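Here's the structure, in structure tokens; my notes come after.
Predicted model, so just to flag it, every value in this text is computed and none were measured.
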Amino acid sequence: MNTNPDEAVTAIHKKEMVNALEAYMGNVTAAAQKVGITPRTHYRWLKEDPEYADATENMKDISYRRVKDSLIEKALKKIDEGDTPMLMKMLSIYLKKLPEEMERAARINNVPLVRARIKYIDTREEAEEIMRRRGPI
């Protein structure tokens with residue numbers, strides 16, 4: 001079986017580009033420069049090679065998660081140090097995204113999402129009244 005030398009070099013460059021995208025956290029320009037190709041070549045490969053496109057997409061997801069985890073870790077350290085504004089910001093971000101994440105997980109796991117109405121209880125007496133009406137569990 002004869003292999004075209006240009007195809008072999010391209011395959012090597014594609015693997016290097018995927019690794020470089022991981023190292024540079026998805027930064028296409030920096031990764032392409034490291035590999036010795038142009039960003040335009042990377043984008044052409046994305047259009048022409050579905051396997052390459054999948055590999056780079058997976059790498060972007062991994063890189064995004066790493067950055068997100070790092071930022072969360074730093075924010076949690078600040079919260080532990082008593083940074084109340086940081087706590088409020090984190091809560092607003094995560095509580096805002098919670099319904100989207102639940103829907104995404106339901107789609108991925110092929111489980112229908114049942115939307116429930118949540119009734120918030122303000123007092124202990126209100127909770128006891130609900131439990132009394134509901135009866136033993």
Q: Run through Glu57, His42, Lys47, Lys14 and flag the one making a side-chain hydrogen bond (donor to acceptor under 3.5 Å, both in side chains) with Tyr52.
A: His42
Q: Give a yes or no on whether Leu71 and Leu76 share a hydrophobic cluster (residues Ile, Leu, Val, Met, Phe, Trp, Tyr; joining criterion: side-chain heavy atoms under 4.5 Å apart).
A: no
Q) Should Lys77 and Glu81 count as an ion pair when the cut-off is N to O under 4.0 Å? A) no
Q) So how far is it from Leu21 CG to Asn58 CG, rounded to the nearest 0.5 Å? A) 12.0 Å
Q. Mind checking whether Glu22 and Arg66 have side chains closer than 4.5 Å, heavy atoms only?
A. yes
Q) Out of curiosity, Asp80 CG to Lys78 NZ, how far, rounded to the nearest 0.5 Å? A) 11.5 Å
Q: State the CG-CE distance between Asn19 and Met59, to the nearest 0.5 angstrom.
A: 6.5 Å
**Q.** Any side-chain heavy-atom pair of Thr41 and Arg44 under 4.5 Å
**A.** yes
Q. Should Ile62 and Met25 be regarded as members of a common hydrophobic cluster, given that ILVMFWY residues are connected when their side-chain heavy atoms come within less than 4.5 Å of each other, either directly or indirectly?
A. no
Q: Inspect the surroundings of CD in Glu51 and state if more than 12 heavy atoms from other residues, nucleotides or ligands are less than 6.0 Å away.
A: no
Q. Does a side-chain heavy-atom distance below 4.5 Å link Thr56 with Trp45?
A. no
(Q) Restricting to non-hydrogen atoms, name the atom on Ala55 and the atom on Val18 that form the minimum distance, rounded to 0.1 Å. (A) CB-CG2, 4.0 Å
(Q) As an exercise, state the distance from CG of Asp49 to CG of Asp54, rounded to the nearest 0.5 Å. (A) 9.0 Å
Q) Under a 4.5 Å side-chain heavy-atom rule over Ile, Leu, Val, Met, Phe, Trp and Tyr, are Tyr43 and Ile37 clustered together? A) yes
Q) For Ala20 and Val35, which heavy atoms make the closest approach, and how far apart are they? A) CB-CG2, 3.8 Å
Q: Grab the two heavy atoms, one from Ala30 and one from Tyr24, that are nearest each other, plus how far apart they are.
A: CB-CD2, 3.6 Å
Q: Give a yes or no on whether Glu128 atom CD has more than 12 heavy-atom contacts from other residues, nucleotides or ligands under 6.0 Å away.
A: yes
(Q) Do Met17 and Val28 have side chains that approach each other closer than 4.5 Å (heavy atoms only, starting at C-beta)? (A) yes
